[in-house]
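First up is the structure itself, then whatever we jot down about it.
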Number of protein chains: 2
Amino acid sequence: MSTTAKVIEKLSKKRLRLWLQLLRANRTTENQLRENMRLTFDCTLPRFDVLSALDRYRDGLRMSDLSAKLMVSNGNVTGIVDRLEAEGLARRISVDGDRRAMRVKLTEAGIARFAEMAAEHETWVDTLFATYSAAELDTLTALLSRLEEDKT
Amino acid sequence: MSTTAKVIEKLSKKRLRLWLQLLRANRTTENQLRENMRLTFDCTLPRFDVLSALDRYRDGLRMSDLSAKLMVSNGNVTGIVDRLEAEGLARRISVDGDRRAMRVKLTEAGIARFAEMAAEHETWVDTLFATYSAAELDTLTALLSRLEEDKT
DNA sequence: CCAATTTATTTCAAGTATAAAATTTCAGGC
DNA sequence: GCCTGAAATTTTATACTTGAAATAAATTGG
């Protein structure tokens, strides 16, 4: 095998290794946060994610914007918003000028509930990521952000 | 607010930012791989993950080892292995000496199928992670591996 | 104007995922 | 030998997730 081929092979292995590590890092963190969320607030991660997005956009978000931001399917968001509505944490408002669209907003109860959750959530993340220095946090964030670049 | 408090606040924000970025990186990659896997092999990611683990341990794995390695629940693995068995890619073998346990192994068809998939999968990962140099791959892998340290 | 296409959302079927309960078996102590 | 508790797996109920089909409304090109 040529020297070039060996380098390519090595790079390929390193990439695979990184992907598996990324997957593990994600699962470890999600599993911890899920358990904390369930035990402390009887809430799932998907619900929290939706609440978080809605809290950030207080004017509300279209269903399709919500699914785009969370990078999940449209049908998925429908179900989660249904449940949040049933719990009184969010509500759908019809958009005037477009009778197909729906704007989802937090209720007052939703805003209050999310505030409690977000505060605790932050402390959990602080614990889980305590191993990193400020510089390492910046490095990791910057490197990971490159994965999202356009692949079209 | 004191100077110390400001630094802590900043760190906290950086940690949250990293967590969100990690989540996005993971979703971007998974969504791409899922689609490729579905279009090319009509296979889901969870199935591929199980095949991958079984390929690595050709003698077979206990159900509980499998769920531990993949960091998913026991009940979850039961269902995926059921489907892989139905497709003729894996099979359960009783462990002698312990009638509670099951050893899951790839079938010949499973070994062959996985080999095809793994080859393609590697090229997809190569493309998705092409943005990183060898040094960056090592840095990322090393930093992410720190998340798995004991938190008990 | 109007047929054809596109867009926003929901519905549906199948698969994935968890936590908790249920089964079955094993292992030790008495 | 029997009992108690632990271990391996499955089952169950519920929720999440996807991709595709369905619905309904908006937009566009002729």
Side-chain angles (χ1 to χ4, degrees), chain A residues 23 26-28 30-51 60-87 89-104, chain B residues 23 26-28 30-51 60-87 89-104:
Chain A
L23 213 48
N26 195 74
R27 267 179 211 182
T28 302
E30 273 201 347
N31 287 346
Q32 284 286 332
L33 292 177
R34 173 185 302 112
E35 186 174 12
N36 290 341
M37 211 38 101
R38 181 177 61 83
L39 295 177
T40 312
F41 296 110
D42 189 28
C43 182
T44 65
L45 286 186
R47 274 182 241 242
F48 178 76
D49 288 347
V50 168
L51 292 179
L61 283 171
R62 303 278 189 97
M63 293 298 283
S64 44
D65 294 335
L66 206 39
S67 66
K69 278 192 195 306
L70 303 177
M71 291 195 279
V72 299
S73 67
N74 263 330
N76 187 1
V77 172
T78 295
I80 297 168
V81 170
D82 283 350
R83 283 169 218 118
L84 289 178
E85 268 197 308
E87 293 173 38
L89 301 179
R91 67 160 166 274
R92 286 174 169 90
I93 297 168
S94 56
V95 172
D96 47 79
D98 192 341
R99 280 185 299 175
R100 294 168 304 180
M102 281 295 175
R103 184 170 295 279
V104 193
Chain B
L23 214 47
N26 195 74
R27 269 181 209 182
T28 302
E30 273 201 347
N31 287 346
Q32 285 287 333
L33 293 177
R34 173 185 301 112
E35 186 174 12
N36 291 340
M37 209 40 99
R38 181 177 59 85
L39 295 177
T40 312
F41 297 110
D42 189 29
C43 182
T44 64
L45 286 186
R47 274 184 243 249
F48 179 76
D49 288 347
V50 168
L51 292 179
L61 283 172
R62 302 279 188 95
M63 293 298 282
S64 45
D65 294 335
L66 208 38
S67 65
K69 278 192 195 308
L70 304 178
M71 292 196 279
V72 298
S73 67
N74 262 328
N76 187 2
V77 171
T78 295
I80 296 168
V81 169
D82 284 350
R83 283 170 217 115
L84 289 178
E85 269 197 308
E87 292 173 37
L89 301 178
R91 69 159 165 274
R92 286 175 170 90
I93 297 167
S94 56
V95 173
D96 48 78
D98 192 341
R99 281 185 298 178
R100 294 168 303 179
M102 280 295 173
R103 184 169 295 277
V104 193

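Just so we're on the same page: letters track the sequence lines, and every chain starts at 1. Since the structure is predicted, the reported quantities are computational estimates derived from the model, not experimental observations.
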If you measure from the Lys or Arg side-chain nitrogens to the Asp or Glu carboxylate oxygens, is any gap between D82(B) and R92(B) under 4.0 Å? yes
Assign [X] to base, sugar-phosphate, or nothing according to its heavy-atom contacts below 4.0 angstrom with the strands shown.
| X | value |
| --- | --- |
| T78(B) | base |
| R83(B) | base |
| R92(B) | sugar-phosphate |
| G79(B) | nothing |
| R103(B) | nothing |
| S73(A) | base |
| L45(A) | nothing |

Report yes or no: is there a donor-acceptor pair, N or O only, under 3.5 Å between the side chain of R100(B) and the base of dA7(D)? yes
Taking OP1 and OP2 of [N], is either one under 4.0 Å from a side-chain nitrogen or oxygen of [X]?
| X | N | answer |
| --- | --- | --- |
| N76(A) | dT18(D) | yes |
| R99(A) | dA24(D) | no |
| T44(B) | dG15(C) | no |

